[in-house]
Amino acid sequence: MYTDLKGKVVAITGASSGLGKAMAIRFGQEQAKVVVNYYSNEKDAQTVKEEIQKAGGEAVIIQGDVTKEEDVKNIVQTAVKEFGTLDVMINNAGMENPVQSHEMPLKDWNKVINTNLTGAFLGSREAIKYYVENDIQGNVINMSSVHEMIPWPLFVHYAASKGGIKLMTETLALEYAPKRIRVNNIGPGAINTPINAEKFADPVQRKDVESMIPMGYIGEPEEIAAVAVWLASKESSYVTGITLFADGGMTKYPSFQAGRG
Ligand code: NAI
C-alpha cells in the first residue's frame, strides 16, 4: 500500500478491461478516486466502478474515444468536475491487429497510430496543460510495450506507435521536469488480457510465447498494476522519463539464455 495515493485523483483510459481494469481496481484498493474511461463496454466499466468502490476507493465512469480531442479533454474535465483535481493520468488505451506490412491498408495503420500514439499524446497534453495551469506537480504514465524496443513483424503500426511513445515520454519528461511533472512509461511483456485472449487460448501459441520469457510464464494484469501504483506514488519521486519494463526478462535477449551465441 502507498499511503500517499489515498484520495489522489487518477484517470485511466481504456479501463473497462485488461490492464486498465487491473490498474483501476488497484488504485481503488489504494483508496484513490478513479476516472474509469471506457470506449464501448459500459457494463464492464460499471463493474470496474463497483469493484473500486468495494475496495474502498471512489469512481466515476466516462465514455470516450482517445482518438478524439474533445473526448480526451472531457476525461480530464470529468476528473476536475467530479473529484476537484487531477493528480495522475494513465494513457493505457491501445489496440493491435496483425497484417503483413506490404499489404497493410492505410486505415489499419492510421487506426493503431491514432489510438496508441496520438491518444497517449492527447491524454498527456491535456493532463500536463491542467498541471501547468494549476501549478500541480502531476504525474503521467503511458502504456508502452516491450515493442518500443523489440521489432514485431506483422505489427509494424503497433511497434511504430510504441516506439513513438518512448521518445514522446522522454521528451515530455525533459520538457516538464523543471515543473516537477513526471512522465514515465510502463513496458509490459506478454500479459494475460483480452488483447491476447485468442492467442493464449491456443496451447501451441501460448507455449511459443512462454518460450520467449526467461521467467517462463505469462504475466498477470495485477503485476502491471503494481508497477503503475509505484510510478504514481511518491516512492518513485525522482523517476522521470523511463520505461519500466515488466516483462519477465523478455527484453533481455532470451535466445542467449542458455549460453548460446
Ligand atoms: P485490452 O484490449 O483489454 O485493453 C485495451 C483497452 O483500450 C480496451 O478496454 C479498449 O476498449 C480500449 N480502447 C481501444 N481503443 C480505444 C479508443 N479509441 N478510445 C478509448 N479506449 C480504447 O488489452 P490490454 O492488454 O489491457 O491493453 C492495454 C494496453 O496495454 C494497450 O496500450 C496495449 O498495447 C498495452 N500492452 C499490453 C500488453 C499485453 O500483453 N496485454 C503488452 C504490452 C502492452
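All values derive from a computational prediction rather than experimental measurement. Both counts, for ligands and for their atoms, begin at 1 and track the order of listing.
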Can you give me every donor-acceptor pair (side chain of residues 117-128, partner residue at least two apart or in another chain, under 3.5 Å) with its distance?
from : atom 1 : to   : atom 2 : distance (Å)
S124 : OG     : N91  : ND2    : 3.4
S124 : OG     : A120 : O      : 2.8
S124 : OG     : N142 : OD1    : 3.4
R125 : NH1    : E69  : OE2    : 3.2
R125 : NH2    : E69  : OE2    : 2.8

Which atom pairs, one a donor and one an acceptor, fall under 3.5 Å between side chains of residues 154-168 and the rest of the protein, sequence neighbours left out?
from : atom 1 : to   : atom 2 : distance (Å)
H157 : NE2    : N97  : O      : 3.0
H157 : NE2    : N97  : OD1    : 2.8
S161 : OG     : N116 : ND2    : 3.2
S161 : OG     : Y158 : O      : 2.7
K162 : NZ     : M143 : O      : 2.9
K166 : NZ     : E170 : OE2    : 2.9

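Remark: S236 pairs with R182 by the side-chain hydrogen bond (donor to acceptor under 3.5 Å, both in side chains) rule, at least two apart or across chains.
Protein residues with a heavy atom under 4.0 Å from ligand 1 are G14, S16, S17, G18, L19, N37, Y39, G64, D65, V66, N92, A93, G94, T115, M143, S144, S145, Y158, K162, P188, G189, A190, I191, T193, P194, I195, N196.
In terms of modelled atom types and a separation under 3.5 Å, the side chain of N184 and the main chain of V239 share a donor-acceptor contact.
Between the side chains of S233 and D4, no donor N or O sits under 3.5 Å from an acceptor N or O.
The shortest non-hydrogen separation linking P203 to A201 is CD-O, 3.3 Å.
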